[in-house]
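Take a look at the structure below.
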Protein chains: 2
Amino acid sequence: MTTRADRPATLDDVARLAGVSRSTASRVIAGTGFASTAARSRVTAAADQLGYVPDPAARALVRGAGVRLAVAASGESAAVLDDPYVEQVVAAAARVGGPYGLGVSLHWLPLAGSTELQRLAEDRGVRGVVLVNTTEPLLAALPRSLRGRVASLGVGSADVPSFDVDNGGGATQVLRHLYASGRRRIAMVAGPHWLPCTQRSVRAYERLARDAGLPVRLLPGDFTAERGRAAAREAVRRWPDTDAIFAVSDPTALGVLAGLRGHGIDVPGDVAVAGFDDIPLAALSAPALTTASHPVGRIATAAATALAEGARAAPITTFPSVLIPRESA
Amino acid sequence: MTTRADRPATLDDVARLAGVSRSTASRVIAGTGFASTAARSRVTAAADQLGYVPDPAARALVRGAGVRLAVAASGESAAVLDDPYVEQVVAAAARVGGPYGLGVSLHWLPLAGSTELQRLAEDRGVRGVVLVNTTEPLLAALPRSLRGRVASLGVGSADVPSFDVDNGGGATQVLRHLYASGRRRIAMVAGPHWLPCTQRSVRAYERLARDAGLPVRLLPGDFTAERGRAAAREAVRRWPDTDAIFAVSDPTALGVLAGLRGHGIDVPGDVAVAGFDDIPLAALSAPALTTASHPVGRIATAAATALAEGARAAPITTFPSVLIPRESA
DNA sequence: CCGGGGGTTGGGAACGATCCCACACCTGAG
DNA sequence: CTCAGGTGTGGGATCGTTCCCAACCCCCGG
């Protein structure tokens, strides 16, 4: 910290201080190519004496690499971007990005939004894309030039590695728990029909229903709390003998709780309620919500890290979901 | 979309297609300097025919501007970064950044974290810094080179524009509401003592207590739900006649609700509870939480926009907070 | 008719890093 | 002793953009 110019140090400054050429300094800093141990130590010393941080812009420019990660969340409207789930993904990616000199930008992707995807592909600023709420058509419409620079939080494909929670497994655990505690008329509030993961949890539900000979009571959902309220009302009206409601999202489950309360129905006495995601507030509801964990932060971190490192990720990375039994079921 | 090369178009491609020089094209795209209307229209036509997006890296490099916005959240531990409030700020900034070719990175700033601040100042990748949970010492330790590129979500200074909610006003509204509904022994769960905004709400509380001759029952807090639970227990033990608890954060208030429920205390029958922030789930608790709004998204958007545009912002921008009366008070 | 002074244009030098390539050195085998 | 091949080094060219500056055109006043 002896020399403290007005402007940040450049590689030239480091090289000059270390008494080597810019090329050698570059090799040492980037950790690529040959360098004698003597040169290596002098360069690193000079670098942290000057507080040198490589300019990501210059680096990206010459490498043709792009300077930020784009998080593209698809949904029926731009309101998806206000979803706490998406916010968590962005925050995790932003945390990963810093050390790599990468920033994160957030974009709405209409359900069949190939145009927006094209735009992202044409933007030299974009190093990689994190797809949230990935759908099949979107995967099919993926521009060639994006290949190898995309990670999907959801379904993947041959070109697109997938990072996802095992929601089939999580749903199964929740449903077994419900069954084990004597519930026999279980309704389920699913996710949006266009979302592939909805299939998985619905399949888990249908399997249990078939195996145990239970009725299938499926309600469409959209992960929102408001929908949970409405779904509770609907379930009570259509199937008055329902003794459990499983919503595949905690906000929806909390909405269900509120809806049932409005009808004077006791939880878990009359009806058991379970959610999915284990959001922080799930532990605080009355009664505290039984749910299955969903390590969003870890998933997003893994996806962003893969993109930042530029390494080819495993085609499918699945994170386990575990049952968190509390009071509501 | 006639010409669709493998790689994104450059300014040269645009210039060539438009039949002008790179300089002229640059002037048109950047909207700086002279250009005939003829040239202007031909360049813009060529640009969107090729789907041209300027390379933020090259632009940042030559302008010496930096390519991302850093969100620096201070707190006692890196756990602040998991705070939904911080996540919301990051998401808002990431949404703003895209169109400017800016990404967002997220960093933890220890309470007296001048070193980390220095590092941010020395990073050429950083265009501007959004300070979250700003403290006075931090403001004092701000490196000179960061001047004019910082926005504070909280207190500001001569060099640092401030973007904040009117929490004094919000707190006053909540407290008046409590008083108006007959509560006379009001306890308050404050924010962290090192946070300047804590002062403001505490002052509002003390003013009401003095003016109306009420007892002062102040409990320290940290915005977490866990702390709310503990605070409820503490309040009940120390001041059994308490008839209202105001927590300056919704998660804390929900924790208070849970804590009181654990003691079999009825809300709002025995004790009224109010929060601050109006998080989405506040409407779903049992009873639904009375609170004051806190437009985090709008605040962060304003701060990020100011930084992205590079314009000098007004020294202080205050966003109103309004009372949201629900069932808990 | 000539000399400015606007509006408009293009050439070229930056910006800071990477990386290809040529070169220097050293060691050991033939 | 020479030569091959591995290790280490430095000189440019390069990425895509901005911006300074010189050159040009044209119109108008002297």
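Reminder, nothing fancy here: chain letters follow the sequence lines and each chain counts from 1. Values reported hereafter were calculated over all heavy atoms of this structure, with side chains retained and with hydrogens, waters and symmetry mates removed.
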Pull out every protein N or O sitting under 3.5 Å from an N or O of nucleotides 19-28 of chain C, one pair per line with the distance.
unit_1, atom_1, unit_2, atom_2, d
dC19(C), N4, S23(A), OG, 3.4

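Applying the side-chain contact (heavy atoms from CB on, under 4.5 Å) criterion to V53(A), with sequence neighbours excluded, gives D123(B). The side-chain contact (heavy atoms from CB on, under 4.5 Å) search around R42(A) returns A18(A), not counting sequence neighbours. Taking A25(B) as the reference, L11(B), A15(B), V20(B), V43(B) meet the side-chain contact (heavy atoms from CB on, under 4.5 Å) condition, with sequence neighbours excluded. Residues forming a side-chain contact (heavy atoms from CB on, under 4.5 Å) with L138(B) (at least two apart in sequence, or on another chain): S74(B), L109(B), L117(B), T135(B). The salt bridge (Lys or Arg N to Asp or Glu O under 4.0 Å) search around D83(A) returns none, not counting sequence neighbours.
With a cutoff of under 4.0 Å to any heavy atom of chain B, the contacted region of DNA chain D is bounded 5' to 3' by dG16(D) to dC19(D).
Relative to the axis of its first five pairs, the axis of the last five pairs of the helix from dC1(C)-dG30(D) to dG30(C)-dC1(D) sits at 60°, rounded to 10 degrees.
Residue pairs meeting the ring-ring contact (aromatic ring centres under 6.0 Å, His included) criterion with at least one member in residues 64-92 of chain B, sequence neighbours excluded: Y85(B)-H294(B). Contacts classified as salt bridge (Lys or Arg N to Asp or Glu O under 4.0 Å) and involving residues 93-114 of chain B (residues at least two apart or in different chains) are given here: D82(A)-R95(B). For residues 307-317 of chain A, the set of pairs meeting the salt bridge (Lys or Arg N to Asp or Glu O under 4.0 Å) definition, not counting sequence neighbours, is empty.
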Kindly list each side-chain donor-acceptor pair under 3.5 angstrom involving residues 154-161 of chain A, sequence neighbours excluded, with atom names and distances?
unit_1, atom_1, unit_2, atom_2, d
S157(A), OG, D159(A), N, 3.3
S157(A), OG, V160(A), N, 3.3
D159(A), OD2, R147(A), NE, 3.1

